Engineer: 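Take this structure, written in structure tokens, and hold onto it; I'll ask about it next.
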Amino acid sequence: MTAVDYHGQTTLITGASAGLGAEFARQLAARGSDLVLVARRKERLEELATELRGRHQVQVHVLDLDLAEGNPGQTLVTRVERLSLHITSVINNAGFATFGTFHQADPERLRREVAVDVMAVADVSRAFIEQLRTDGRGVLVNVASMAAYQPNPRMALYGATKAFVLSLTEALWEESRGTGLRVLALSPGATRTEFFDVAGTTRAAGGTRLASPVDVVRTALATLDRRNPPPSVIAGRMNRVMAFLARRLATRRQVIRAIGRLTAEGA
């Protein structure tokens with residue numbers, strides 16, 4: 001395998017109105033990919049689309065959609081077909097967290113969190129993966145998290161959803177070998193995005209330094225460009241070291257207690 005050629009491709013990106021989704025759009029447009037941007041905030045998508053059309057002379061389509069409702073995968077397939085577009089790559093980036101103890105969380109917010117972070121990732125992946133495999137030149141990137149690698153007190157559900165994304169995506173990597181489709185689970189650590197605004201606190205970062213969305217997306221695309229890309233990548237050298245140490249040098253109990261202390265009141 002050589003570096004991915006995005007010229008002549010059309011990449012669908014969920015959660016594209018801000019943060020990592022918007023950065024994926026910018027870097028993929030710079031590499032020649034046409035785009036389908038998906039999020040709830042249509043105005044933000046239109047602003048980004050205008051920017052990218054002018055800067056990179058690529059085609060950019062905007063689809064406003066709430067991924068927590070209905071069957072988002074089939075809805076996107078239908079809307080893409082109406083535009084006579086052929087999707088060759090997919091970035092499942094949409095997601096959000098709920099910070100606080102599980103027993104005090106709003107049940108409806110938790111339902112939406114599972115719908116966006118789990119069901120939509122599976123649904124959109126399933127809706128497009130057959131044509132991605134047949135086309136055989138694009139990528140499927142599902143955004144997981146450092147939270148996928150251990151339980152996360154005060155973000156219990158979020159950590160569990162990202163463990164699902166990591167497991168699903170790594171399995172799809174194996175199933176897709178030999179098709180030309182490159183599958184990757186991207187696990188960022190704390191990143192400078194709207195994530196903490198939605199979560200309602202910066203304590204969800206556990207006091208760690210925030211990474212740049214530019215660097216996180218560069219890591220993902222550089223990993224996909226490798227001759228033999230791995231099933232997953234952790235963005236950030238320190239995050240990779242911490243994940244290694246947590247798995248090799250600490251017990252499960254110690255890791256959970258440590259995360260709990262980082263996210264506790266007053267941390």
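Model, not experiment: these values are computed from the prediction. For the single chain, residues carry numbers from 1 onward in sequence order.
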Engineer: I'd like to check the salt bridge (Lys or Arg N to Asp or Glu O under 4.0 Å) partners of Arg53; sequence neighbours left out, ordered by chain and number.
Structural biologist: none

Engineer: When you check the side-chain N and O atoms of Thr263 and Asn152, is any donor under 3.5 Å from an acceptor?
Structural biologist: no

Engineer: In the hydrophobic clustering that connects Ile, Leu, Val, Met, Phe, Trp and Tyr at side-chain heavy-atom distances below 4.5 Å, which members other than Leu166 occupy its cluster, ordered by chain and number?
Structural biologist: Met146, Tyr149, Ile234

Engineer: Sorted by first residue and then second, give each salt bridge (Lys or Arg N to Asp or Glu O under 4.0 Å) pair with at least one member in residues 125-143; sequence neighbours left out.
Structural biologist: Arg126-Glu130, Asp135-Arg137

Engineer: Cut-off 3.5 Å, no hydrogens considered: what does the side-chain donor-acceptor table look like for residues 211-224, sequence neighbours left out?
Structural biologist:
unit_1 : atom_1 : unit_2 : atom_2 : d
Ser212 : OG     : Val214 : N      : 3.1
Thr219 : OG1    : Asp215 : O      : 3.0
Thr223 : OG1    : Thr219 : O      : 2.7

Engineer: Evaluate the criterion side-chain contact (heavy atoms from CB on, under 4.5 Å) for residue pair Ile129 and Glu175; output intermediate values, then yes/no.
Structural biologist: CA-CA 11 Å; Ile129 194 167; Glu175 292 180 6; over 6 Å; no

Engineer: Give a yes or no on whether the backbone of Ala97 and the side-chain of Arg109 come within a donor-acceptor separation of less than 3.5 Å.
Structural biologist: yes

Engineer: Is the backbone of Phe164 close enough, under 3.5 Å, to the side chain of Ser167 for a donor and an acceptor to pair up by distance?
Structural biologist: no

Engineer: Quick one: does any side-chain atom of Glu46 pair with a main-chain N or O of Val62 as donor and acceptor, under 3.5 Å?
Structural biologist: no

Engineer: Applying side chain to side chain donor-acceptor pair (under 3.5 Å), can you list everything that pairs with Ser145, at least two apart in sequence or on another chain?
Structural biologist: none

Engineer: Could you list the residues that satisfy salt bridge (Lys or Arg N to Asp or Glu O under 4.0 Å) with Glu47, not counting sequence neighbours?
Structural biologist: none

Engineer: Asn93: which residues meet the side chain to side chain donor-acceptor pair (under 3.5 Å) condition with it, sequence neighbours left out?
Structural biologist: none

Engineer: For Val139, is there any backbone N or O sitting under 3.5 Å from a side-chain donor or acceptor partner on Ser89?
Structural biologist: yes

Engineer: Per the salt bridge (Lys or Arg N to Asp or Glu O under 4.0 Å) rule, what does the pair list look like for residues 93-106, sequence neighbours excluded?
Structural biologist: none

Engineer: Looking at residues at least two apart in the chain, or sitting in another chain, which of them share a salt bridge (Lys or Arg N to Asp or Glu O under 4.0 Å) with Glu108?
Structural biologist: Arg111

Engineer: For Thr10, does its backbone N or O pair with a side-chain atom of Thr88 as donor and acceptor, under 3.5 Å?
Structural biologist: yes

Engineer: Under 3.5 Å, side chain of Trp173 to main-chain N/O of Ala185, donor-acceptor pair present?
Structural biologist: no

Engineer: With Arg177, which residues qualify under salt bridge (Lys or Arg N to Asp or Glu O under 4.0 Å), at least two apart?
Structural biologist: Glu174

Engineer: Can you list every salt bridge (Lys or Arg N to Asp or Glu O under 4.0 Å) pair that touches residues 5-34, not counting sequence neighbours?
Structural biologist: Arg26-Glu51, Arg31-Asp225

Engineer: Checking the side chain of Gln254 only, and the main-chain atoms of Thr251 only, is there a donor and an acceptor separated by less than 3.5 Å?
Structural biologist: yes

Engineer: Under 3.5 Å, side chain of Asn71 to main-chain N/O of Gly73, donor-acceptor pair present?
Structural biologist: no

Engineer: Side chain of Thr14, backbone of Ala94: donor and acceptor closer than 3.5 Å?
Structural biologist: yes

Engineer: Write out all pairs satisfying salt bridge (Lys or Arg N to Asp or Glu O under 4.0 Å) with one or both partners inside residues 77-101, taking only residues at least two apart or from two chains.
Structural biologist: Asp64-Arg79

Engineer: Do Thr78 and Gln74 pair up side chain to side chain, a donor and an acceptor below 3.5 Å, judged on atom types alone?
Structural biologist: yes

